[in-house]
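Below is one structure, written out as structure tokens, with a few remarks after it.
Because the structure is a prediction, the values reported are computed rather than measured. All chains are named by letter (A, B, ...) in the order of the sequence lines, taking the proteins before the strands, and each is independently numbered beginning at 1.
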Number of protein chains: 2
Amino acid sequence: MVVKIDDVARLAGVSKTTVSRVLNNRGYLSDATIKKVHEAMESLNYQPNAVARQLFKKETKLVGLIFPTVDNPFFGQLVAALEKRLFDAGFKVLIGNSMNDPKKEETYLKELISNQVDGLIVGAQNRGIEEYHNTNLPVVAIDRVMNEDIPVIASDNYMGGKLATELLINSGAKNIINTDGPVNLETPAHRRREAYEDVMKEHRLVPHTHIVDFSWDIEKKRSAVEEMFVEYPEVDGVFATNDMDAALIWQVATSLGCQIPKDLKIVGYDGANSTRILLPELTTIEQPVEQMAKVAVKTLVSRIKGDRNIPLEQIIPVKVWNGKSV
Amino acid sequence: MVVKIDDVARLAGVSKTTVSRVLNNRGYLSDATIKKVHEAMESLNYQPNAVARQLFKKETKLVGLIFPTVDNPFFGQLVAALEKRLFDAGFKVLIGNSMNDPKKEETYLKELISNQVDGLIVGAQNRGIEEYHNTNLPVVAIDRVMNEDIPVIASDNYMGGKLATELLINSGAKNIINTDGPVNLETPAHRRREAYEDVMKEHRLVPHTHIVDFSWDIEKKRSAVEEMFVEYPEVDGVFATNDMDAALIWQVATSLGCQIPKDLKIVGYDGANSTRILLPELTTIEQPVEQMAKVAVKTLVSRIKGDRNIPLEQIIPVKVWNGKSV
DNA sequence: GTGAAAGCGCTAACAA
DNA sequence: TTGTTAGCGCTTTCAC
């Protein structure tokens, strides 16, 4: 049998109210009582039932995280960073990998709400899910536009796109392709592409975007990349919207006899921890993951505390990771 | 105000028992009632409170995952795979990144128990935490020995170590170093080293293990690797106990003017999805992550259902990923 | 300083 | 086929 507050009370010879008081240390308690109760808890190895407490308090100290998948260097690092900050702030993490499946995202959303999470941090791909609106649950979005009153934390995507494109142009590339997901997703990440197009035009170069969807499996992505080289044989520079795509492009290019960076220059985006260890040669735009996590958690916690005076958009500067691919 | 079962009952003109019945569809219900209740739920946008249900049922449909960190290709993929299988089995995931901190692991363990998780899947580094023993909570360990009655799922570490070492020897390496974490951790992963030592001795070669602790930060690891090359200047082969270490060794070797695989042959371990995309040239032993996740979840679910007839050790075969580093 | 009692939102005997 | 009632383990008001 699991030991509960009554058992402790009985053993300590007090009422359960008193045990609850020492548990939460509030109200007047004599030192003797406190000691007795602590001893009883020790000897019974008592662990309070958080669920019962949650039901009463209407507060779970649980935060839901909805992201595409932690099987990705960027999201893995981001989720780890969020988890760390949330832990320090006293929250546990319920995770939902949406796998870019709107159905799964919606299910998760409903279940997390049903589980009474105190807040949500969302970086999944799919907008337009009704539940995000029909709730006054505190929500923070990372690099996603959810709706008008949900605060967004993002890296400086425009600056990142600009830096990447300039890096390519300055190293002599002229026929530069950008890879990106489909535009129908309204994400701040598309500002990378906007910047790319602006910079290209500034330099009187023609921008081309080739679609590589984040949710495709590896083989589908690989053929999209192969297609890209067929469609644009004159390509001498690529700005990939994430490092996994960049790595794939690198591989395909190499298999086609291209030398990097002599024949083809590549700049990626994300610069996650494990990417920088596994493929440090890739020049990339490093997202400030730790900083984003810090700001996201801070923002969410303020919202949970009832602060209504929260900036709707917080943009965090990026920096360049100098590899050897430009 | 949040809508609860009473509100639905009132609107539908029935008792809350009836609403509860249609919610869980059990017992006899007339079609008319079912319809009325569903309509009331719809129009009020009712979401049942899972916490209240959990308190009553003493079942949360929550599983805790305790792993070092999802900011790592292997653990990221493993956690994603576990989450997927658990979701399909009707469980949500509470995550705890122990960061190899025994204190944090213990705190998580206590809080997950307090949150009444139905089960635990553990792949953290630290054994000897008392709570794992003082509980009859269903627990499954991945690649870790917890205690005598906790089932362990592991890849075939011995075979992996054997394959790796043979790969190096067959490609002509003679002075082969193995990197591993400290031995004081009693993990099945050390069988990789045992196999390495056995195979080396079989070939009348001298085994040497160089310690690279998983929990060190990247700079500390890097200097450990640099030290390795100083200590063993004649090294011509390395069997690294994980791919991140292998990548680091590759980098340091290259910076020292070594050519891979001509001057130095490297075999890693793990072969996670993102590693194979970012660094496909690395020859490595691929852990059957999906399979391990599948078996782990299946085992946990049987335990949760009360099955006591569970194999204590389940070993899953590995395979070689042929890169270009041997 | 401490305890009795009510109630958080739900489910399940038991009755009807 | 449906409703009444008790209770899951905890916290908190109110009384003493």
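- Salt bridge status for E39(A) with K35(A): present, with a side-chain N to carboxylate O gap under 4.0 Å.
- With sequence neighbours left out, the side chain to side chain contact (heavy atoms under 4.5 Å, CB included) criterion links R308(B) to R303(B).
- Comparing G13(B) and I5(A) against DNA chain D, the residue whose closest nucleotide sits nearer the 5' end is G13(B).
- Taking the six-membered ring for Trp and the full ring otherwise, the centers of F75(A) and F214(A) sit less than 6.0 Å from each other.
- Taking for each of A50(B) and S30(A) the nucleotide of DNA chain C with the nearest heavy atom, the 5'-most of the two is the partner of S30(A).
- Considering L120(B), L62(B), T107(B), L137(B) in turn, L120(B) is the only one that fulfils the side-chain contact (heavy atoms from CB on, under 4.5 Å) rule with L112(B).
- Proximity of L82(B) to I142(B): side-chain heavy atoms (C-beta onward) are separated by under 4.5 Å at one or more points.
- The side chain to side chain contact (heavy atoms under 4.5 Å, CB included) test applied to K16(B) returns I5(B), D6(B), A9(B), not counting sequence neighbours.
- Just one of N97(A), I95(A), V289(A) meets the side-chain contact (heavy atoms from CB on, under 4.5 Å) condition when paired with V79(A); it is I95(A).
- From the 5' end on, the contacts that DNA chain C makes with chain A at under 4.0 Å to a non-hydrogen atom open and close at dG1(C) to dG9(C).
- Taking atom CD on E59(B) and atom P on dC8(D), their separation rounds to 17 Å, with Å as the unit.
- Counting heavy atoms from C-beta outward, V117(A) and V63(A) have side chains that stay 4.5 Å or more apart.
- The interatomic distance linking R53(B) (CZ) with dG9(D) (C1') rounds to 18 Å, in whole Å.
- Atom CG in L55(B) sits roughly 9 Å away from atom P in dC10(D) (whole-Å rounding).
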Output one line per pair: protein atom, nucleotide atom from nucleotides 12-15 of chain D, and distance, for all N/O pairs under 3.5 Å.
{"unit_1": "dT12(D)", "atom_1": "OP2", "unit_2": "R26(A)", "atom_2": "NE", "d": "3.0"}
{"unit_1": "dT12(D)", "atom_1": "O4", "unit_2": "T17(A)", "atom_2": "OG1", "d": "3.2"}

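- Using a 4.0 Å heavy-atom distance criterion, L29(A) is classed as a sugar-phosphate-only contact.
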For this session: Apply side chain to side chain contact (heavy atoms under 4.5 Å, CB included) to M292(A) and Q287(A), showing your working.
Result: CA-CA 8 Å; M292(A) 288 164 76; Q287(A) 294 211 55; 3.6 Å; yes
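- For residues 45-54 of chain B, no pair satisfies salt bridge (charged side-chain N to carboxylate O under 4.0 Å, His left out), with sequence neighbours left out.
- The closest side-chain heavy-atom distance from D118(A) to P138(A) is not below 4.5 Å.
- Each end of the helix from dG1(C)-dC16(D) to dA16(C)-dT1(D) gets its own axis, taken as the rotation carrying the C1' atoms of four end pairs onto the next four within a five-pair window, and the two axes meet at 40° to the nearest 10 degrees.
- Computed from coordinates, the K58(A) NZ to dT11(D) C1' distance equals 13 Å when rounded to whole Å.
- The CG-C1' distance, from N49(A) to dC10(D), rounds to 8 Å in whole Å.
- Taking atom NZ on K36(B) and atom P on dT1(D), their separation rounds to 14 Å, with Å as the unit.
- Backbone-only contact: V14(B) has heavy atoms under 4.0 Å from sugar-phosphate atoms and none from a base.
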